[in-house]
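Throughout, numbering of the chain's residues begins at 1 and tracks the sequence. Just so you know, ligand 1 is whichever comes first in the structure, and atom 1 is the first atom listed for that ligand.
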Amino acid sequence: MIQKPKGTYDIFGKKATKILYIRKLITALMDKYNYKYFQTPIFEASELFHRGVGETTDIVSKETYDFKDRGNRNLTLRPEGTAGLVRCFIENKLYVEAMPLKAWYFGSMFRYERPQSGRNREFTQFGVEAFGSNDPMLDAEVISIIVNLFKMVGLKGIKVNINSLGDIESRMNYRQALLEYFKPYINDLCEDCQTRYEKNPLRILDCKVDGKKEIMQNAPKMADYLNEASKEHYAKVKEYLTAMNIEYVENTQLVRGLDYYTHTVFEVEADIKGFGSQNVLGAGGRYNNLVETVGGPATCGVGFAIGLERFLLALEAEKIEITEEEDLDVYIFAMDEAQKPYVISIANTLRLNGFNVDVDYVSRNLKNNFKHADRLKTKFVIIIGDEEVSSKILTVKNNQTKEEYKIKLEELIHFLDSKIGDE
Ligand code: HAM
């Protein structure tokens, strides 16, 4: 039997209902914040991610799904959404519009990682990107979106970690300090960190292997290398978070696994007992040089992405039921084959008039049809026999009270409206 590829999954049943429900919540939330929906390609030119996400990141160096198409182009399944949004922003010259441009997206991302609970090779992100303003209020706004989304569904066990990586000048000074600090310890570092030392020493702090070593704990702290402008930006972000009563923890070791960040970085983790090691539910930060790096005009940006699968795991861990089951308004069945055109025509009219309708497609007997109507949590059952067709008077049964009504065909919509229309 052909099985799904490792690290991917099928979504159906309760999980599908939950994802649709969360998407609905997100759509409504994004209207409240005035973010506009964007959809960019699932695959892009490989070069975009090399330039955008960064050559030295684990994502680009080890985890991308790269392929050549039949025209010999180098393409990559997107491992994240920011680079694609930046490309879209530049290619469509969206920078000529009034800034900030506030975008949101929702879709599959692909990373060749070792699958485990909360870590997949295909996963879904909800993300936002806001371009064209360096106002720290926008950093605080995007953090508030994650916090408020979790609050809306009643998720309590979350912890917001923040840090500042400063501007380019601060980053360069810090980089120099790290190079000097780690020089005597080079041989104590893992192989990856030895490469990072050469290419991007900041990422040593993010190492999963060396992370807990004493030399890491004693490494210079970014906060001591922030210049005045960076300190001020960071102080304002914290002031605005406090103004919104958003609790946060300052974590000086937080550097993030992508190269494009400047100033604010943040991770929102699940703070729930027994939650697995993949506990970062959503993360992001400011990226004031990325648009230029990808080939556009100098434009600031800030955003985040949430992993939907981890969001669902957190809901399960806190035993939060988020979906109300959609009941079926009407179930229709025919007594025999000859009445089927009538069944499908009534179903069609009712659906056009806003009712949720299903019909019998497997010619069940009367008893089994009622059983099936119960299974579908049906409110009204319509039975069509010869008599109903010839008289144009329908037998409509309230499936909860078992009351039976005889309703003229032309009065059916009015009848159903009066019974279930404004529930
Ligand atoms: P990221 O930290 O790589 O950031 O991913 C964001 C979120 O996606 C993670 O916190 C996690 O919930 C989810 N995620 C990542 N990898 C996996 C995986 N293999 N399986 C399941 N879930 C996963 C970014 O992607 C940035 N583009 C975020 C951003 C937007 N920064 C600024 N704007």
Side-chain angles (χ1 to χ4, degrees), residues 6-9 11 19 22 35 38 40 44 48-49 52-54 57-60 62-65 77-89 100-131 138-139 141-143 145-146 149-150 155 158-163 165 203 206 208 254-270 275-291 294 300-315:
K6 199 172 165 190
T8 65
Y9 46 86
I11 299 177
I19 289 203
I22 292 177
Y35 281 65
F38 275 64
T40 61
E44 297 264 7
L48 173 67
F49 301 111
V53 178
T57 59
D58 281 356
I59 296 178
V60 167
K62 301 182 191 160
E63 295 170 3
T64 50
Y65 279 89
L77 294 184
R78 62 183 183 193
E80 58 101 54
T82 312
L85 260 285
V86 167
R87 193 231 5 96
C88 164
F89 179 77
L101 182 135
K102 305 205 290 183
W104 73 276
Y105 54 92
F106 188 100
S108 280
M109 307 292 157
F110 305 85
R111 294 184 194 175
Y112 191 79
E113 293 196 86
R114 204 165 37 79
Q116 63 179 90
S117 171
R119 188 164 70 195
N120 312 91
R121 291 187 173 166
E122 179 177 8
F123 57 98
T124 312
Q125 279 188 348
F126 152 55
V128 313
E129 313 294 347
F131 297 101
L138 211 46
D139 308 39
E141 173 174 292
V142 300
I143 296 174
I145 295 175
I146 307 193
L149 177 63
F150 292 158
L155 193 67
I158 60 159
K159 187 169 142 202
V160 180
N161 294 287
I162 61 168
N163 191 20
L165 302 180
R203 298 235 32 251
D206 195 35
K208 306 282 178 291
L254 180 63
V255 292
R256 307 272 301 119
L258 302 98
D259 279 353
Y260 46 63
Y261 293 110
T262 52
H263 292 288
T264 321
V265 286
F266 55 90
E267 286 186 351
V268 179
E269 60 178 71
F275 201 80
S277 59
Q278 301 304 310
N279 65 345
V280 181
L281 305 179
R286 183 165 272 288
Y287 46 85
N288 284 353
N289 306 309
L290 181 59
V291 177
V294 175
C300 306
V302 61
F304 71 77
I306 287 177
L308 259 289
E309 294 73 14
R310 292 188 196 174
F311 187 4
L312 291 182
L313 286 173
L315 290 172

Exercise for review: Test side-chain hydrogen bond (donor to acceptor under 3.5 Å, both in side chains) on Gln116 and Ser277 and set out the steps.
Suggested key: CA-CA 9 Å; Gln116 63 179 90; Ser277 59; 3.0 Å; yes

Review point. Checking salt bridge (charged side-chain N to carboxylate O under 4.0 Å, His left out) for the pair Lys102/Glu141: CA distance, chi angles, key distance, verdict?
Key: CA-CA 11 Å; Lys102 305 205 290 183; Glu141 173 174 292; 2.9 Å; yes

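Ligand 1 has Tyr287 within reach: a non-hydrogen atom of the residue lies less than 4.0 Å from it.
If you check which protein heavy atom lies closest to atom 21 (C) of ligand 1, you get Gly118 O, 3.3 Å. Nearest non-hydrogen protein atom to atom 7 (C) of ligand 1 is Ala305 O, 3.5 Å. Atom 8 (O) of ligand 1 has its closest protein heavy atom at Gln125 NE2, 3.1 Å. Shortest contact from atom 19 (N) of ligand 1 to any protein heavy atom: Glu113 OE2, 2.6 Å. Looking from atom 20 (N) of ligand 1 to the surrounding protein, the closest heavy atom is Asn120 N, 2.9 Å. For atom 10 (O) of ligand 1, the nearest non-hydrogen atom of the protein is Val280 O, 3.3 Å. In this structure, atom 31 (N) of ligand 1 lies nearest to the protein heavy atom Tyr261 OH, 2.6 Å.
Residue Glu80 has at least one heavy-atom neighbour below 4.0 Å for each of these atoms of ligand 1: 25 (O), 26 (C), 27 (N). Each of the following atoms of ligand 1 lies closer than 4.0 Å to a heavy atom of Thr82: 26 (C), 27 (N), 29 (C), 30 (C), 31 (N), 32 (C), 33 (N). Close approach to Gly282 involves these atoms of ligand 1, each under 4.0 Å from a residue heavy atom: 10 (O). For ligand 1 and Glu129, the ligand atoms under 4.0 Å from any heavy atom of the residue are 30 (C), 32 (C), 33 (N). With ligand atoms numbered from 1 in the order given, ligand 1 contributes 2 (O), 10 (O), 28 (C), 29 (C) to contacts under 4.0 Å with heavy atoms of Ala283.
A heavy-atom distance below 4.5 Å is found between the side chains of Phe150 and Leu281. Residues Val268 and Phe304 form no side-chain contact, since every pair of their non-hydrogen atoms from C-beta on lies 4.5 Å or further apart. Using a 4.5 Å cut-off on side-chain heavy atoms (C-beta onward), Ile11 and Ile19 make contact. Taking 4.5 Å as the limit, some side-chain heavy atom of Glu267 sits within range of a side-chain heavy atom of Leu254.
Residues Arg121 and Glu113 are not paired through a salt bridge, judged by the lack of any N-O separation under 4.0 Å between the basic side chain and the carboxylate.
Considering backbone and side-chain atoms together, Gly307 places an N or O closer than 3.5 Å to an N or O of ligand 1. An N or O contact shorter than 3.5 Å is missing between Ile306 and ligand 1 by distance. The N/O atoms of Val302, backbone and side chain alike, include none that comes under 3.5 Å of an N/O atom in ligand 1.
Using modelled atom types, one finds a donor on one side chain and an acceptor on the other under 3.5 Å when comparing Glu129 with Tyr105. Residues Ser108 and Gln125 have side chains that never bring a donor and an acceptor to within less than 3.5 angstrom of each other.
The option from Phe123, Phe126, Tyr105, Tyr260 that lies nearest to atom 26 (C) of ligand 1, judged by heavy atoms, is Tyr260. Closest heavy-atom approach to atom 3 (O) of ligand 1 within the set Arg256, Glu122, Arg111: this belongs to Arg111.
Residues passing the side chain to side chain donor-acceptor pair (under 3.5 Å) test with Glu269 are Asn161, sequence neighbours excluded.
Applying the 6.0 Å contact sphere to OH of Tyr65 captures more than 12 heavy atoms from other residues, nucleotides or ligands.
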